[in-house]
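The sequence lines fix the lettering, A, B, ..., with proteins before strands; numbering per chain opens at 1.
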Protein chains: 2
Amino acid sequence: MAIGFYPTTIYHRSVTQTNDRTDPATLRTPTHGEALAHVETAIERGDLVTLFGRCTVDYDGRAESYLGPGDRLVVLKPDGTTLVHTEEGQKPVNWQPPGGTLDAELVGDRLRVGSQRTSPSESLEVEFERLTQVSAFDVTDATELSLDGTEEDLRQRILDDPDLVEAGFTPLATERQTAAGAIDIYGTDAEGTTMVVELKRRRVGPDAVGQLRRYVDALRRDLHAEAEIRGVLVAPSVTERARNMLAESGLEFVSLEP
Amino acid sequence: MAIGFYPTTIYHRSVTQTNDRTDPATLRTPTHGEALAHVETAIERGDLVTLFGRCTVDYDGRAESYLGPGDRLVVLKPDGTTLVHTEEGQKPVNWQPPGGTLDAELVGDRLRVGSQRTSPSESLEVEFERLTQVSAFDVTDATELSLDGTEEDLRQRILDDPDLVEAGFTPLATERQTAAGAIDIYGTDAEGTTMVVELKRRRVGPDAVGQLRRYVDALRRDLHAEAEIRGVLVAPSVTERARNMLAESGLEFVSLEP
DNA sequence: AGCTATATGTCGCAG
DNA sequence: CTGCGACGTATAGCT
């Protein structure tokens, strides 16, 4: 191998014994036995582990899948999350959600890493044919993401300035419960007529109209059969089909960016 | 630094010149300049790049976000996908979908990697305060995932044995178009009455009922106002509220596992 | 643990 | 490209 003159095993955390290390423990083209010990130690420590190599993947749970041999990046997180990434796509080709338990073992002479969880019972197994690199990182990240432009922001903006929906709109409640679910903003118009406002942060299709329709119908039942109720969909824009569905249902649309 | 007696720079692909290398090019605690050259070369080659270090993240696009300093794993894929992973959660804390263009540069003395895309216009920028490890992997993976237990499987099972829905059910079309969207399975019952069948691979809530309702309503309009049409939701199970909504709408439920 | 709705959803497919 | 719905959706909030 071309890189033979470099040490294959760079793992040496057992020597340093630091508690707040920032150095990764990385093995390059390790044996499967070396990799196993490395991964076991990392899992024990609560490190984030990355593996790269040729592997197969078995998943069994809500559905079932098998992925034949190929080079992939595998990430094991201390919360049990497991990700298998190929060279393309944002979504992992296989994964395990957080909450499960990680494990690693040798199957014959091959490293197998996996994550198991219950409710629902799901199993993900990654078996390596060839290991290119195995790393362990000590990672604690308390920083929180600050995010703007959500539906929640849109709601706050409307509550601060209800005229954004229409002049005279008066919000009375958010998350008002109905038999069909919670109304985003419940209120009255300038005439005192009840209004159901459904918010979407992006262009809406038929699903959003159906949602609004369910709330308005349920509210009609909850109040009086003949109560006049206006349903308003607030979103940046609406598709043609959704616009037609709004019209058929006697619902309204107000354009508002998040 | 504890590992100073190991070579900091293991990158040496420029020496080997192999086309089908399986060795990763990995830098450990590189300078930002070294890392930049490494990442640029990797992007040029179409490699998958992983970076680990302390960084901040700026996102601007469909929404906006800022993430303060912390240790994270950053993945750059040759298709432009960018992922920023913390120690927990399946979803990246920040990301950029595929299709954009990757870039890397020094901002002052710091490495900044990013991905830009259009329609929608979105930008993701990751700036490193400290670099722990930078790797590049040559990865081509033609293998396809085989997945069982999808809605498509459920549909096929019903088409093979329509009695699974009910004795005498006769499928006439899949994906039949209505003004409200496509019906999963369109057919007739033993009496010849039109049936709209909506399939779900898992337990359903109000949204699925709304969807079925839209299709049935649209079909009533499309055919005749007074045409008798049965709407059937086929799923493993149904929530209480959804069951009530089905009853109120005169719709039916058939339990079937995927 | 189950229910409901949001998401920078992502993804695939059809028009 | 947009529209539309599925997804092993994940995730958060609430009961």
Side-chain angles (χ1 to χ4, degrees), chain A residues 59-65 81 83 88-99 117-124 145 147-155 175 177-178 180-184 198-208 210-211 214-215 237-242 258, chain B residues 57 59-65 81-82 84 88-99 117-124 145 147-155 175 177-178 180-184 198-208 210-211 214-215 237-242 258:
Chain A
Y59 157 72
D60 193 4
R62 288 166 291 177
E64 280 184 51
S65 76
T81 299
L83 308 171
E88 62 179 18
Q90 175 178 341
K91 278 183 56 179
V93 61
N94 274 121
W95 70 90
Q96 184 73 297
R117 71 161 178 161
T118 51
S119 62
S121 172
E122 294 198 293
S123 162
L124 183 73
L145 180 73
L147 179 65
D148 287 320
T150 63
E151 181 181 306
E152 173 56 28
D153 294 326
L154 178 57
R155 164 161 56 182
E175 299 294 312
Q177 293 299 323
T178 73
I183 296 170
D184 281 341
E198 173 65 26
L199 307 177
K200 293 295 171 193
R201 68 170 304 283
R202 60 171 195 175
R203 183 171 174 85
V204 293
D207 53 341
Q211 203 179 340
R214 271 153 41 211
Y215 298 153
S237 58
V238 59
T239 67
E240 182 65 20
R241 182 177 283 173
Chain B
V57 186
Y59 156 72
D60 193 3
R62 287 164 293 176
E64 278 184 52
S65 76
T81 298
T82 303
V84 182
E88 61 179 19
Q90 176 177 341
K91 276 184 57 179
V93 62
N94 275 119
W95 69 89
Q96 182 74 296
R117 71 161 177 160
T118 51
S119 60
S121 172
E122 293 198 295
S123 162
L124 183 73
L145 180 74
L147 179 66
D148 286 319
T150 63
E151 180 180 307
E152 173 56 28
D153 294 325
L154 178 58
R155 164 162 55 184
E175 299 295 309
Q177 292 301 322
T178 73
I183 296 170
D184 280 342
E198 173 65 26
L199 307 177
K200 294 295 172 192
R201 69 171 303 285
R202 60 175 188 173
R203 182 171 173 85
V204 293
D207 53 340
Q211 201 180 341
R214 276 161 26 220
Y215 297 154
S237 58
V238 59
T239 67
E240 182 64 20
R241 182 176 280 172

Counting only N and O atoms by type, is there a donor-acceptor contact under 3.5 Å from the side chain of [X] to the main-chain atoms of [Y]?
{"X": "A/Arg117", "Y": "A/Pro98", "result": "no"}
{"X": "A/Gln211", "Y": "B/Asp207", "result": "no"}
{"X": "A/Asp184", "Y": "A/Leu199", "result": "yes"}
{"X": "B/Glu122", "Y": "B/Gln96", "result": "no"}
{"X": "B/Arg201", "Y": "A/Arg62", "result": "yes"}

Could you tell me the separation between the [atom1] atom of [X] and the [atom2] atom of [N], rounded to a whole number of Å?
{"X": "B/Gln211", "N": "C/dA5", "atom1": "CD", "atom2": "P", "value": "14 Å"}
{"X": "B/Lys200", "N": "D/dG8", "atom1": "NZ", "atom2": "C1'", "value": "15 Å"}
{"X": "A/Glu151", "N": "C/dT6", "atom1": "CD", "atom2": "P", "value": "5 Å"}
{"X": "A/Glu152", "N": "C/dA7", "atom1": "CD", "atom2": "P", "value": "9 Å"}
{"X": "B/Tyr59", "N": "C/dT8", "atom1": "OH", "atom2": "C1'", "value": "3 Å"}
{"X": "A/Asp60", "N": "D/dG8", "atom1": "CG", "atom2": "P", "value": "14 Å"}
{"X": "B/Asp207", "N": "C/dA5", "atom1": "CG", "atom2": "C1'", "value": "9 Å"}
{"X": "B/Leu145", "N": "C/dT10", "atom1": "CG", "atom2": "P", "value": "20 Å"}

For residues [X] and [Y], report the shortest heavy-atom separation together with the two atoms involved.
{"X": "A/Asn94", "Y": "A/Leu124", "answer": "CB-CD1, 3.9 Å"}
{"X": "A/Lys200", "Y": "A/Leu154", "answer": "O-CD2, 3.6 Å"}
{"X": "B/Ala63", "Y": "A/Leu147", "answer": "CB-CD1, 4.0 Å"}

Looking for any heavy atom pair under 4.0 Å, which part of the strands does [X] touch: base, sugar-phosphate only, or nothing?
{"X": "A/Ala180", "answer": "sugar-phosphate"}
{"X": "A/Gly89", "answer": "sugar-phosphate"}
{"X": "B/Glu198", "answer": "sugar-phosphate"}
{"X": "B/Pro120", "answer": "nothing"}
{"X": "A/Gly61", "answer": "nothing"}
{"X": "B/Arg214", "answer": "sugar-phosphate"}
{"X": "A/Pro97", "answer": "base"}
{"X": "A/Ser65", "answer": "nothing"}

Check every atom of [options] against the side chain of [X] and return the nucleotide holding the closest atom.
{"X": "B/Ala63", "options": "C/dT8, C/dT4, C/dA5", "value": "C/dT8"}
{"X": "B/Tyr215", "options": "C/dT10, D/dG5, D/dT11", "value": "D/dG5"}
{"X": "B/Ser119", "options": "D/dG8, C/dT8, D/dC1", "value": "D/dC1"}
{"X": "B/Arg202", "options": "C/dT10, D/dG5, D/dT9", "value": "D/dT9"}
{"X": "B/Thr239", "options": "D/dA6, C/dT4, D/dT9", "value": "C/dT4"}
{"X": "A/Arg203", "options": "D/dT11, D/dG3, D/dG8", "value": "D/dG3"}

Select from B/Ala242 and B/Leu124 the residue whose nearest nucleotide in DNA chain C is closer to the 5' end of that strand.
B/Ala242
Which sits closer to the 5' end of DNA chain C, B/Arg241 or B/Gln96, going by the nucleotide each is nearest to?
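Closest to the 5' end, via its nearest nucleotide, is B/Arg241.
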Between D/dC4 and D/dG8, how far apart are the two P atoms, rounded to whole Å?
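Rounded to whole Å, the distance is 22 Å.
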Nearest-Å distance once atom P is located in both D/dT11 and C/dC11:
15 Å
Table of protein N/O atoms under 3.5 Å from nucleotides 13-15 of chain D N/O atoms:
none

Report the residue (B/Gly181 or A/Lys91) whose heavy-atom-nearest nucleotide on DNA chain D is the more 5′ of the two.
B/Gly181
Strictly below 4.0 Å: does A/Trp95 bring a side-chain N or O up to OP1 or OP2 of D/dT9?
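No, no such contact exists.
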I want to check one thing: is the phosphate of C/dG9, taken as OP1 and OP2, less than 4.0 Å away from some side-chain N or O of A/Arg201?
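For C/dG9, OP1/OP2 do have a side-chain N/O of A/Arg201 under 4.0 Å.
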Cationic N near anionic O, under 4.0 Å, A/Arg155 to A/Glu175:
yes
